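For reference, the structure is listed below as structure tokens.
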4 protein chains.
Amino acid sequence: MTNQNVHASVKDERLIEIRRDQMITGAVSLFKEKGFHRTTTREIAKAAGFSIGTLYEYIRQKEDVLYLVCDRIYDQVRERLNEDIDPNQGSIENLKKAISNYFIVMDEMQDEVLVMYQEAKSLTKDALPYVLKKELEMVEMFESILSSCVENGEIVLSDHERKLISHNIFVQGQMWGFRRWVLQSLYTLEEYTNLQIQNLLQGIHSK
Amino acid sequence: MTNQNVHASVKDERLIEIRRDQMITGAVSLFKEKGFHRTTTREIAKAAGFSIGTLYEYIRQKEDVLYLVCDRIYDQVRERLNEDIDPNQGSIENLKKAISNYFIVMDEMQDEVLVMYQEAKSLTKDALPYVLKKELEMVEMFESILSSCVENGEIVLSDHERKLISHNIFVQGQMWGFRRWVLQSLYTLEEYTNLQIQNLLQGIHSK
Amino acid sequence: MTNQNVHASVKDERLIEIRRDQMITGAVSLFKEKGFHRTTTREIAKAAGFSIGTLYEYIRQKEDVLYLVCDRIYDQVRERLNEDIDPNQGSIENLKKAISNYFIVMDEMQDEVLVMYQEAKSLTKDALPYVLKKELEMVEMFESILSSCVENGEIVLSDHERKLISHNIFVQGQMWGFRRWVLQSLYTLEEYTNLQIQNLLQGIHSK
Amino acid sequence: MTNQNVHASVKDERLIEIRRDQMITGAVSLFKEKGFHRTTTREIAKAAGFSIGTLYEYIRQKEDVLYLVCDRIYDQVRERLNEDIDPNQGSIENLKKAISNYFIVMDEMQDEVLVMYQEAKSLTKDALPYVLKKELEMVEMFESILSSCVENGEIVLSDHERKLISHNIFVQGQMWGFRRWVLQSLYTLEEYTNLQIQNLLQGIHSK
DNA sequence: TATGAATGAGCTTTCATTCAT
DNA sequence: GATGAATGAAAGCTCATTCAT
């Protein structure tokens, strides 16, 4: 699924995929280290293992790399989540599992996610909504599970509450990575997960 | 309270204060609009109302401006909070009031806070801990109130739980600004505040 | 008549002819539009209907294309003139006809001629004399007719005068295309031709 | 008379004048040698005697240099002509003098004029009409003198004829520089001038 | 103290040319 | 013979920083 939003001069679709993979891998590690603006296109090309000329055969502007990176990270996070979770199969047990899996993914990809959030503002006005849409889709996954639970009768929540709780879960996952400098010295991932789930469920159940 | 971490060639402390005020005010509005990296020092000087040469009489490097901006924003947020809240006076009512006030401040200063978080990574390794320390102090304010409540016997929380809840509150305040693109179309600030407080207290009380 | 001044890797002479025809046709229309320097080799290849790799099978450098184009335009202009004019058959009537035909050719090929003159300076030191030689041959055509007229006794001109008048005629033909922005809004081609011929002959006859 | 059509970052008008003078002088000699496209901005800066950064304090784009150069050349040619010629004082003697002076100027500035004509096509669509307007003003000078002569009764010419003859004179001046490779080996400037004047007047007088 | 002209390292991007397939 | 992916030198341009006035 070559991303057609970014123009490539090269025609061979398979090659585009390969080269962009190299590019993204290289770029992510550079962006982690120094951010988008402090990273030069030459460094990206070098990290990707090809020349600056080749880089520009696969993108049009430097910003395209950022877009590709954001796109990729989202897709990976979503893919990892979809592997483990069926959003339509709702039960408290399932919700716990979903949260736990989500936190694990966010732990493993914390560098990437951090990069994405810190740099996304550098995307053009065109690209940003596209990325935000993907983010909403992830929040909706938690909403779905919560909806199923409500339908099951396991919990009682208004639409308003359900939406907010989904966002809270989503943000708590990011929080583990963003505030790692303090949280990860206080808790293990497991402790963090358990405490957050406990807080959440106590709120919900007592309704 | 001239910030001594940033070197100035000019000696007159009062003048330093004045010029830096102008500089920060100009810079914040520019950073909001285009981010730190896309803002030039010339633009900062112009927005501040003086020449590029004068700018460099009051800072050493462009990055110093970012540092001053971050510093200022933190101080303002803290100051606003301290006006309204006494962290040692703990009661559920007080906690509610503190959260509510904090959310109001974050609503009013959402642009500034957003700027700070998106650009903070561009601070040197030296400046970052200094900024993070200030952040922790704000979290600790909620911790204090919660501690008082525990001491009062109004609620029961382990240290671990108390710390996490403080962070949750803190992050939920930021979340209002960071995720405004979705949250602020779903809720008024008041609704948001009430729902979050309700979620929080249900979790705590049922213990 | 493959132009041997430009090296080709391909051996088949007929193929060279075909490919270079495609190349020149494409290049002329591109050069008209954006000039030699702003036209890329990729664009030339594309306009010619083959790949960049193939282009370089038939030339050595980009400049070779310009040389081929200039060469071709000259040949076409000359060919068109030779169709209609016999330079050795001199008479005032014949001179008028020759001038008129020449102006018609220059009118029809004004784009090409313009391209050639504006870009010729980009030819290497090697190619330039070759092109200038061809130009002189065209001037000499008018010289020949004038010589015949002198021999006929129809007019009286020194060698010096004859040469200069030939150049004047030649330049007045180019002038129609080069200064089209003003001349073509003042005169039709026919008016222009008649007026120039009249000026010329009045000068000559009164001798 | 700083040219306001080209933006400068520097405010001091006198300095702009000085720096642009240096820039134009350097650029003309480079353009003569290698043309506009083969000349780099760095070379222009160096030839002007300052750094690349300084160059861009006085222009916005490379093309601005070309515009400034064209502008300057026209102004110089015109100035030189206006020194010697009063277009409203018409007589055959005066016309001869005007042509002669014009040819002298074109001889002395042939390099500059050549540069201007070969590169003018690289000007943006905005700048071109501005330059063409200046050119017409020069043609009109000859038109004026011819008009005076007609009014005097010294010669008889229709408007159409007068306009065309003015253009012929103008082009014959350029021709001396453009076709120097052949003309200047055949004639001295004086011979060329005399022959052209003679051709011209024979045509006019015999009417 | 305040100014702003000068600097040049360093950026993104282009494009003529090559060469393995 | 034809292709087009790969290359990297070199271009135009920006901008943080300095320093003479």
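Naming convention: chains lettered A, B, ... in sequence-line order (proteins, then strands); numbering from 1 in each chain. In this text the structure is predicted, and so the values were computed from the model without any measurement.
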**Request:** Return the value, rounded to whole Å, for the distance between atom CG of A:Leu55 and atom C1' of E:dC11.
**Result:**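 About 14 Å, once rounded to whole Å.
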
**Item:** D:Ile44 CD1 to F:dC13 C1', straight-line distance once rounded to whole Å
**Value:**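 In whole Å, F:dC13 C1' lies 13 Å from D:Ile44 CD1.
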
**Request:** Answer yes or no: is there a side-chain heavy-atom contact under 4.5 Å between A:His37 and B:Arg38?
**Result:**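 A side-chain contact exists here, since the closest heavy-atom pair is under 4.5 Å.
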
Side chain to side chain donor-acceptor pair (under 3.5 Å) partners for [X], two or more places apart:
X	answer
D:Gln22	D:Arg19
A:Tyr58	none
D:Tyr56	none

**Message:** How would you summarise protein contacts on nucleotides 13-21 of chain E per nucleotide, using B for base, S for sugar-phosphate only and - for none, with heavy-atom distances below 4.0 Å?
**Reply:** BBSBBB---

Nearest 0.5 Å please: distance from the [atom1] atom of [X] over to the [atom2] atom of [Y].
X	Y	atom1	atom2	value
C:Gln118	C:Met116	CD	CE	11.0 Å
D:Met23	D:Ile59	CE	CD1	5.5 Å
B:Arg20	B:Asn3	CZ	CG	6.5 Å

**Item:** Residue-level proximity of residues 21-33 of chain D to DNA chain F when a heavy atom falls under 4.0 Å
**Value:**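 Correct list: empty, so none.
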
**Item:** Selection residues 50-74 of chain C - residue pairs positive for salt bridge (Lys or Arg N to Asp or Glu O under 4.0 Å), sequence neighbours left out
**Value:**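 Non-adjacent pairs meeting salt bridge (Lys or Arg N to Asp or Glu O under 4.0 Å): C:Asp21-C:Arg72, C:Asp71-C:Lys134.
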
**Message:** Taking ring-ring contact (aromatic ring centres under 6.0 Å, His included) as the definition, give me every residue that meets it alongside D:Phe36, ordered by chain and number, with sequence neighbours left out.
**Reply:**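 D:Phe36: ring-ring contact (aromatic ring centres under 6.0 Å, His included) contacts with D:Phe31.
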
**Message:** Restricting to ring-ring contact (aromatic ring centres under 6.0 Å, His included), what partner residues turn up for B:Tyr117, sequence neighbours left out?
**Reply:**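 With neighbours one apart ignored, the set is B:Phe178.
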
**Prompt:** Pick the nucleotide of DNA chain E nearest each of D:Tyr58 and B:Gly49; which residue has the one closer to the 5' end?
**Reply:**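 Going by which nucleotide is closer to the 5' end, it is B:Gly49.
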
**Request:** Let me know which of A:Leu114, A:Val115, A:Thr39 forms a side-chain contact (heavy atoms from CB on, under 4.5 Å) with A:Lys32.
**Result:**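 With A:Lys32 as partner, A:Leu114, A:Val115, A:Thr39 yield a single side-chain contact (heavy atoms from CB on, under 4.5 Å), made by A:Val115.
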
**Message:** Below 4.0 angstrom, which residues in residues 10-20 of chain C have at least one non-hydrogen atom near DNA chain E?
**Reply:**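 Within this stretch, nothing sits under 4.0 Å of the strand.
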
Using a 3.5 Å cut-off and no angle test, enumerate the donor-acceptor pairs between side-chain atoms of residues 40-54 of chain B and protein atoms at least two apart in sequence or in another chain.
{"residue": "B:Thr40", "atom": "OG1", "partner": "B:Glu43", "partner atom": "N", "Å": "3.1"}
{"residue": "B:Thr40", "atom": "OG1", "partner": "B:Glu43", "partner atom": "OE1", "Å": "3.4"}
{"residue": "B:Glu43", "atom": "OE1", "partner": "B:Lys34", "partner atom": "NZ", "Å": "3.3"}
{"residue": "B:Glu43", "atom": "OE1", "partner": "B:Thr40", "partner atom": "N", "Å": "2.8"}
{"residue": "B:Glu43", "atom": "OE2", "partner": "B:Lys34", "partner atom": "NZ", "Å": "2.7"}
{"residue": "B:Ser51", "atom": "OG", "partner": "B:Gly53", "partner atom": "N", "Å": "3.4"}
{"residue": "B:Ser51", "atom": "OG", "partner": "B:Thr54", "partner atom": "N", "Å": "3.2"}
{"residue": "B:Ser51", "atom": "OG", "partner": "B:Thr54", "partner atom": "OG1", "Å": "3.1"}

**Request:** Give the angle between the helix axes at the two ends of the helix from E:dA2-F:dT21 to E:dT21-F:dA2, taking five base pairs at each end and rounding to 10°.
**Result:**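 If I round to tens, the end axes sit 0° apart.
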
**Prompt:** For B:Glu13, what residues pass the side-chain contact (heavy atoms from CB on, under 4.5 Å) criterion, not counting sequence neighbours?
**Reply:**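 B:Glu13 satisfies side-chain contact (heavy atoms from CB on, under 4.5 Å) with B:Thr2, B:Gln4 once adjacent residues are dropped.
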
